[in-house]
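Before any comments, here is the structure.
Residue numbers count from 1 along this sequence. All of these numbers come straight from a predicted model, not from anything done at the bench.
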Amino acid sequence: MEAIARRTPGFSGAELANLLNEAAILTARRRKEAITMQDVEDAIDRLTIGLSLTPLLDSNRKKMTAYHEVGHALLTTLLKHADALNKVTIIPRSGGIEGFTQSLPDEDVIDSGLYTRNWLLDRITVALGGLAAEAEVFGDLEVSTGAGGDIKQVTNLARQMVTLYGMSDLGPVALESMGNEVFLGRNMMPRSEYSEEMASKIDRQVRAIANFGYNRAREILRDNRALIDYLVDRLLEVETMEGDEFRQIVRQYTDIPEKRATPTEVTA
C-alpha cells in the first residue's frame, strides 16, 4: 500500500477506486485469478501516462529513444538529490510518448511541499538528461525534438527559482506573483512588477540555470559513456527496466549516492 501511495500523490478516493478497477480489468484480460502489484503498476501508468502501444521496431528512432531515456534514468540514479528511479521504458504510449523515465518522489517532500535548491537543480539536470545524451552520442546537429517538453519544464522551473524563490544572483526577492498556489507543471498567472532592464537580467539568470543543468548533464554522461552504451543495449533488449535492475548495473561501474527514500525500501 505504501508503494502505491508513493506512486499516486494527490489522487482522490474516486481516482484510487478507478485505479483498482483498471487493475482488475487488466487482471481479467491476462486471465489471472488475483490482482498483483504489477497489474496495479500498469494501471497507474495507464491512468497517468496513457495507453501502451505496440513497441517500436528496431530502428534508429528506437535507439535514439533508448539513449534519451537512459540519459534521464542515469542522472536520476547518480544525482544525490534526485528522486529515486522507479523504472525506465521505451514502450510508446498514447499521446506521442515514445518512452519515459519514472521516479518515486520522497515522502517527506510530498508531505511538506518544500523543495530545496539542490533538489530543483538536480531536477533540471535530470530533465535535460535526454537532450544531453542525444548530443553526446549523435552530435549537436542530430538532437531530436523529443526534448521539447523537457526544455519547457526546465524553463518554467528555472524562472520560478529566479522570480519567486530568490534562488539566483538577483537575491532573495519575489519579482513575480502567482494567481494560484501552484508549483511544477501547472499554469501560472504572473504579474510583472519590474523594469525591462530587470526583465533582461531575469532572462539571463534563467538561461544561466538552464545552461548549468545542461552542461552538468553532459559532463556526467560523458564520463559514463561506456555505462550508457551498456544500459542502452539492455533497454533495447527488454524494453522496460525496473529501478532495482538499473541500479544493480550502475553499481558495477560507479558508486550510487544514498538517498532518503528508494523503492527497494518499500514493499507492497
Side-chain angles (χ1 to χ4, degrees), residues 3-4 6-7 22-23 26-27 29-32 35-79 82-104 126-127 129-134 136-138 144 146-147 149-150 217 220-221 224-256 259 262-268:
I4 298 172
R6 287 183 184 275
R7 290 284 317 275
E22 287 289 340
L26 290 175
T27 302
R29 287 176 177 171
R30 294 165 179 173
R31 300 183 181 279
K32 299 191 299 184
I35 299 174
T36 65
M37 187 61 188
Q38 185 60 57
D39 299 316
V40 176
E41 289 273 349
D42 292 344
I44 294 173
D45 290 343
R46 182 170 184 173
L47 292 176
T48 60
I49 300 170
L51 297 174
S52 59
L53 304 177
T54 303
L56 295 171
L57 299 175
D58 291 336
S59 62
N60 289 333
R61 174 183 167 192
K62 185 175 183 178
K63 187 175 182 180
M64 177 171 278
T65 299
Y67 273 105
H68 184 105
E69 297 306 330
V70 165
H72 287 309
L74 184 57
L75 290 170
T76 299
T77 303
L78 294 180
L79 292 176
D83 293 328
L85 179 68
N86 187 48
K87 70 174 161 183
V88 55
T89 181
I90 53 173
I91 297 177
R93 297 270 170 171
S94 57
I97 299 173
E98 296 195 353
F100 64 90
T101 300
Q102 186 181 78
S103 59
L104 287 181
V126 169
L131 178 64
E134 291 182 17
E136 284 297 318
V137 175
F138 302 103
S144 72
D150 299 329
I220 294 173
L221 296 179
N224 292 277
R225 177 57 194 274
L227 172 57
I228 292 173
D229 290 340
Y230 184 88
L231 288 167
V232 165
D233 288 342
R234 177 60 179 165
L235 186 58
L236 287 171
E237 177 184 354
V238 300
E239 297 186 326
T240 297
M241 292 178 66
E242 299 299 325
D244 285 343
E245 179 186 358
F246 195 94
R247 280 184 290 274
Q248 287 173 3
I249 294 174
V250 173
R251 285 193 185 98
Q252 298 173 16
Y253 287 76
T254 187
D255 294 331
I256 297 178
K259 303 189 182 186
T262 62
T264 54
E265 298 169 350
V266 180
T267 57

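Between Arg247 and Ile256 the shortest side-chain heavy-atom distance falls below 4.5 Å. The shortest side-chain heavy-atom distance between Leu231 and Val250 falls under the 4.5 Å cut-off. Side-chain contact between Glu41 and Ile4 is absent, with no heavy-atom pair separated by less than 4.5 Å. Here the side chains of Leu131 and Asp150 are not in contact, with every heavy-atom distance at 4.5 Å or above. At a threshold of 4.5 Å between non-hydrogen side-chain atoms, the residues Glu239 and Arg234 do not count as touching. Taking 4.5 Å as the limit, some side-chain heavy atom of Glu98 sits within range of a side-chain heavy atom of Arg61. With contacts defined as side-chain heavy-atom distances shorter than 4.5 Å, the pair Lys87/Met241 does not qualify.
Evaluation of the side chain to side chain donor-acceptor pair (under 3.5 Å) rule for Glu242 yields no partner, not counting sequence neighbours. Looking at residues two or more places apart in sequence or on another chain, you find a side chain to side chain donor-acceptor pair (under 3.5 Å) between Thr36 and Lys32, Asp39. With sequence neighbours left out, Thr89 forms a side chain to side chain donor-acceptor pair (under 3.5 Å) with Thr240. Here Phe100 pairs with nothing under the ring-ring contact (aromatic ring centres under 6.0 Å, His included) rule; sequence neighbours left out. Judged as a salt bridge (charged side-chain N to carboxylate O under 4.0 Å, His left out), and not counting sequence neighbours, Asp233 has no contacts. Here Asn224 pairs with nothing under the side chain to side chain donor-acceptor pair (under 3.5 Å) rule; sequence neighbours left out.
Atoms CE and CD1, on Met64 and Ile90 in that order, are 13.5 Å from each other to the nearest 0.5 Å. Of the inter-residue distances, the one linking Tyr67 atom OH with Lys62 atom NZ reads 14.0 Å to the nearest 0.5 angstrom. Between atom NE2 of residue His68 and atom CD of residue Glu134 there is a gap of 6.0 Å, rounded to the nearest 0.5 Å. Taken to the nearest 0.5 Å, the CG atom of Leu85 stands 9.0 Å off from the CG atom of Asp244. One distance of note links CG of Leu75 with CG of Leu221; it measures 4.5 Å at 0.5 Å rounding.
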* To do: Check step by step if side-chain contact (heavy atoms from CB on, under 4.5 Å) holds for Arg225 and Val137.
  => CA-CA 9 Å; Arg225 177 57 194 274; Val137 175; 3.8 Å; yes
* Run the salt bridge (Lys or Arg N to Asp or Glu O under 4.0 Å) check on Arg29 and Asp42 step by step: do they pass? -> CA-CA 13 Å; Arg29 287 176 177 171; Asp42 292 344; over 6 Å; no
* Test side-chain contact (heavy atoms from CB on, under 4.5 Å) on Asn86 and Ser103 and set out the steps. => CA-CA 5 Å; Asn86 187 48; Ser103 59; 5.7 Å; no
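Each of Leu235, Val70, Ile249 was compared with Tyr230 under the side-chain contact (heavy atoms from CB on, under 4.5 Å) criterion, and only Ile249 meets it.
The two residues Tyr253 and Leu227 have their closest heavy-atom pair at CD1-CD1, 3.4 Å. Contact between Ala217 and Gly129 at its shortest, heavy atoms only, is CB-CA, 4.4 Å.
When atom types are taken as modelled, the side chain of His72 and the backbone of Val126 share a donor-acceptor pair closer than 3.5 angstrom.
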